[in-house]
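Okay, so here's the structure we're looking at.
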Protein chains: 2
Amino acid sequence: MTADPEDHRNPYVARERILRTAYELFSRRGIRAVGVDEVIERSSVAKATLYRHFRTKNDLVIAFLERRQQVWTRDMVRDESERRGSTPDEQLLAMFDVLDEWIHSDDFDRCTFINVLLEMGPDHPVSRAAIDCLEELRGIVKERAEKAGLHRTEEFALSWHILMKGSIIAAYEGDGEAARRAKIMAADLIEQHRTPDGPERVPAGSKAGGS
Amino acid sequence: MTADPEDHRNPYVARERILRTAYELFSRRGIRAVGVDEVIERSSVAKATLYRHFRTKNDLVIAFLERRQQVWTRDMVRDESERRGSTPDEQLLAMFDVLDEWIHSDDFDRCTFINVLLEMGPDHPVSRAAIDCLEELRGIVKERAEKAGLHRTEEFALSWHILMKGSIIAAYEGDGEAARRAKIMAADLIEQHRTPDGPERVPAGSKAGGS
DNA sequence: CATAGAACAGACAAGTCTGTCTACTCTCGC
DNA sequence: GCGAGAGTAGACAGACTTGTCTGTTCTATG
């Protein structure tokens with residue numbers, strides 16, 4: 001709508017082209033592994049232009065994370081799974097179908113937010129932005145859990161998130177079935193949270209003992 | 001046994017001191033973020049000494065991964081959980097108790113193998129070493145599953161691994177209860193695999209549909 | 001046509017990184 | 001006492017990093 005990235009006359013175009021290239025490169029290869037020079041060259045832009053639109057590389061990374069949040073978390077995971085299920089339960093489980101498709105698509109690159117978190121360390125400002133992104137995803141899960149009438153939704157969302165993150169890493173490691181495996185566990189998790197009673201039926205050794 | 005790291009006269013000492021420092025730094029801050037100069041300075045060693053013992057930084061990283069495999073995967077996760085349970089089931093579940101303790105200890109740094117994998121990309125030789133390490137962990141899980149008389153142990157181990165990886169990442173992100181959450185799901189997973197029937201009771205939308 | 005704003009091209013500074021190399025010192029065994 | 005082997009100290013090369021800065025060219029608008 002705003003800009004045809006080929007139209008060099010449009011002033012909005014340079015920024016968009018930079019961001020698109022950055023998205024492509026950062027999401028596939030990580031942050032540290034991609035230098036601004038490469039972004040500049042691949043987006044056919046002058047260095048000064050990049051630094052006019054983004055004060056530092058960090059600013060560019062933050063902008064990239066925002067776009068990732070829109071494209072991945074919202075447009076893909078949230079909206080696509082919502083479209084595929086008619087009840088909150090189905091919509092929750094459909095998230096893993098979406099992940100499964102993503103994993104097998106050409107777009108499957110790497111888990112950006114986790115990657116940033118590990119690459120920059122937990123205290124880096126960019127990492128904090130990544131953590132916010134992950135939190136939004138959990139919010140979506142929690143909301144659906146509430147609509148589905150589940151109990152202990154906060155804990156539910158955290159457990160659910162473990163399954164999502166774990167399956168994405170497993171897929172990255174080479175397990176093509178990871179999302180389907182996680183979905184099975186996710187279905188059980190839903191059942192566990194249909195009742196209000198806590199998970200106090202955990203087998204032996206719940207609390208880690210001393211020496 | 002081999003060496004007192006303070007004894008500068010012992011020829012085995014320099015290598016050990018370098019490796020110890022590398023372990024400390026790499027496991028806490030990642031690979032790319034730590035340069036050889038820092039390793040050299042922190043281990044009070046000359047640059048030539050480091051490069052005498054390790055041909056390149058990559059070689060040092062590989063040696064670090066081997067040590068990590070011993071210290072983390074084998075000594076900690078495998079042996080410690082074995083000690084804590086008397087049956088294979090208990091030993092499996094105790095893995096999450098060990099993780100829980102680790103997460104809350106000062107030693108909790110980051111998930112080294114996943115970190116390397118993401119940092120270097122899946123095709124890097126160092127990443128392949130990391131994948132081998134992760135595979136060994138799954139082998140331990142599979143073996144215990146067989147001893148416990150579970151079915152479809154290969155798939156069981158892969159699912160189990162999703163829970164482990166997911167909970168470690170979640171803990172890194174800030175969820176201190178991640179290992180305990182994962183343990184609950186793990187207990188359910190064991191129950192699922194007590195019977196030989198496949199997981200074909202997955203709810204609606206198992207196969208992701210088209211557009 | 002003229003001028004302002006933006007983009008382009010690319011040199012440059014200042015720092016990082018890995019890996020090499022020289023020159024000196026220390027200690028052990030002969 | 002002396003030579004060998006290992007360690008120390010640190011300069012250095014060459015590549016890479018982010019970010020600045022100087023010009024030039026293009027385009028839209030008055």
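Computed from a predicted model, the values in this text were never measured in an experiment. Every chain is numbered from 1 and lettered A, B, ... according to where its sequence line falls, protein lines coming before strand lines.
You'll find the ring centres of A/Phe96 and A/Trp102 outside the 6.0 Å limit.
Considering only the side chain of B/Tyr51, C/dT20 comes nearest among D/dT18, C/dA7, C/dT20. Set against D/dT8, D/dG19, C/dA7, the side chain of B/Thr49 has D/dT8 as its closest nucleotide. Taking every side-chain heavy atom of B/Ala46 into account, D/dT8 is the closest of D/dT8, C/dC8, C/dT18. Out of D/dG7, C/dT18, D/dA9, the shortest distance to the side chain of B/Asp37 is found at C/dT18. Distances from the side chain of B/Val36 to the nucleotides C/dT18, D/dT8, D/dG7 place C/dT18 closest.
Look at CG on B/Leu50: it is 16 Å from P on C/dC21, rounded to the nearest Å. Look at CG on A/Asp59: it is 14 Å from P on D/dT18, rounded to the nearest Å. Atom pair B/Arg55:CZ and C/dT18:P shows a separation of 15 Å (rounding to whole Å applied). Per the geometry, CD belonging to B/Glu41 stands 12 Å off P belonging to C/dC17, to the nearest Å. The distance from atom CZ of A/Arg15 to atom C1' of C/dG5 is 17 Å, rounded to the nearest whole Å. Going from atom CZ of B/Arg32 over to atom C1' of D/dT17 covers 12 Å, rounded to whole Å. Across the protein-nucleic acid pair, B/Glu38 atom CD and C/dT18 atom P stand 10 Å apart, rounded to whole Å. If you take CD1 of B/Ile40 and C1' of D/dA11, they are 13 Å apart, rounded to a whole angstrom.
Closest-nucleotide positions on DNA chain D for A/Lys47 and B/Lys47 were compared, and the one nearer the 5' end corresponds to B/Lys47.
For C/dC8, one of the phosphate oxygens OP1 or OP2 lies less than 4.0 angstrom from a side-chain nitrogen or oxygen of A/Arg17. OP1 or OP2 of C/dA7 has at least one side-chain nitrogen or oxygen of A/His53 nearer than 4.0 Å. Neither OP1 nor OP2 of C/dA6 sits under 4.0 Å from any side-chain N or O of A/Arg52. Close to C/dT18, at under 4.0 Å from its OP1 or OP2, lies no side-chain N or O of B/Thr56.
In this structure a side-chain-to-backbone donor-acceptor pair under 3.5 Å is present from A/Gln91 to A/Gly85. A donor-acceptor pair is defined here as one N or O able to donate and one able to accept, closer than 3.5 Å; such a pair exists between the side chain of B/His104 and the backbone of B/Gly176.
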Could you go step by step and tell me if B/Leu117 and B/His124 meet the side-chain contact (heavy atoms from CB on, under 4.5 Å) rule? CA-CA 8 Å; B/Leu117 204 59; B/His124 197 282; over 6 Å; no
Show, in sequence, the C-alpha distance, side-chain angles and deciding distance for B/Glu101 and B/Arg84, and conclude whether the salt bridge (charged side-chain N to carboxylate O under 4.0 Å, His left out) test is met. CA-CA 13 Å; B/Glu101 260 186 37; B/Arg84 291 185 191 203; 3.2 Å; yes
